[in-house]
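Labels below follow one simple rule: chain letters A, B, ... track the order of the sequence lines, proteins then strands, and each chain is numbered from 1.
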There are 2 protein chains.
Amino acid sequence: MGASKTDQFTVQQNELAILAKALGHPARIAIIEYLLKVDACICGDIVNELPLAQPTVSQHLKELKNAGLIKGNFEGASICYCIDEAGFEKIKGFFQDITKHLEKRKNNCC
Amino acid sequence: MGASKTDQFTVQQNELAILAKALGHPARIAIIEYLLKVDACICGDIVNELPLAQPTVSQHLKELKNAGLIKGNFEGASICYCIDEAGFEKIKGFFQDITKHLEKRKNNCC
DNA sequence: AATAACTATCGTAATATTGCAATATAAAAA
DNA sequence: TTTTTATATTGCAATATTACGATAGTTATT
């Protein structure tokens, strides 16, 4: 064994886990924060912003893209990366549910 | 190599990544959802709610606890687990920032 | 004290992730 | 066309995660 038993959980639970997992690395958090900071699609200089080698950054970008958190389109010589709002909407929904639950919760807690 | 270069990123970026990573597994999403559903500290029957062996569940609970997403206290024969709001507040803050950014964003995107 | 019920830890195997050098690919510039 | 620039892919080593059987620890009950 060792592989995740994903088939034992709901599609929704897996979707959320995939999104959260994609954010579960400081380099990928840094990429998202950078994309938000520059407030635009960014073409080219993401590699220079991170303390990692180019193949590693490329891999992290790929994971964020697969998870649906960023989009990337060819834009001349370089590739234009930007936030994919759809992915963030899903996570936002999850946290809104949690917040709602927490607010109307009784204090029957340790 | 293979280890995460956490020291190359800010404390905040690492904190967020740790929280997100903790949510990056469907079993742990399921645990959080269950704790929210029963709307109480839950003592004992978490293992029965999950399609995983007891040691595995125990491990997932430990990870959620280490990340600061749940709390666990001894309560008689069993342990009382419940949501730790502090952890969720941190993540909420991050997503509020993102939402704010996305809202006031120009459409200078691909 | 002995038993039962619940949870944690250890040990181990299978698999996944992280990181980078080397290399490949693709488009623009010279 | 050759060179330059930007990104992706491959291959591999180091490390981390996932899962569970076996076992240990802890508390309540008998």
Taking for R28(A) and for Q54(A) the nucleotide of DNA chain C with the nearest heavy atom, the one nearer the 5' end belongs to R28(A)
K5(B) atom NZ is separated from dA14(D) atom P, nearest whole Å, by 16 Å
Closest to the 5' end of DNA chain D, once T56(A) and H25(B) are matched to their nearest nucleotides, is T56(A)
Winner on side-chain proximity to P55(B), out of dT7(C), dC20(C), dG21(D), is dG21(D)
I18(A) CD1 to dT18(D) P, in whole Å, measures 13 Å
Whole-Å distance, Q59(B) CD to dG11(C) P, equals 14 Å
Walking DNA chain D from its 5' end, the first of V57(A) and F9(A) to be reached, judged by nearest nucleotide, is V57(A)
S58(B) side chain N/O closer than 4.0 Å to the phosphate oxygens (OP1, OP2) of dT9(C)?
no
Checklist entry - Is a donor on one side and an acceptor on the other found under 3.5 Å between the side chain of R28(A) and the backbone of A22(A)? => result yes
H60(B) NE2 to dT17(D) P, in whole Å, measures 12 Å
Testing dA16(D), dT9(C), dA19(D) for proximity to the side chain of K21(B), the answer is dA16(D)
Rounded to whole Å, the CG-P distance (D7(A) to dT15(C)) equals 14 Å
Self-check item: Donor-acceptor contact present, side-chain T99(B) to main-chain F95(B), <3.5 Å
Solution: yes
Quiz item: H25(B) versus K21(A): any side-chain heavy-atom pair under 4.5 Å?
Solution: no
Separation of dC20(C) atom C1' from L61(A) atom CG, nearest Å, is 16 Å
Practice problem: Scan K65(B) against the nucleic acid and name what it touches under 4.0 Å (heavy atoms): base, sugar-phosphate only, or nothing. | Solution: nothing
Here the distance between atom P of dT18(C) and atom CG of L64(A), to the nearest Å, is 11 Å
Side-chain contact check for Y81(B): nearest option of dT7(D), dT7(C), dG19(C) is dT7(C)
Between the side chain of E63(A) and the main-chain N/O of H60(A), is any donor-acceptor distance below 3.5 Å? no
Whole-Å distance, I46(B) CD1 to dA5(C) C1', equals 16 Å
Hey, is the main chain of T6(A) close enough, under 3.5 Å, to the side chain of N14(A) for a donor-acceptor pair? yes
task: May I ask you to say what E63(A) touches in the nucleic acid, namely base, sugar-phosphate or nothing, with a heavy-atom cut-off under 4.0 Å?
output: sugar-phosphate
Ranking dA8(D), dT9(D), dC20(C) by distance to the side chain of A53(A), first place goes to dC20(C)
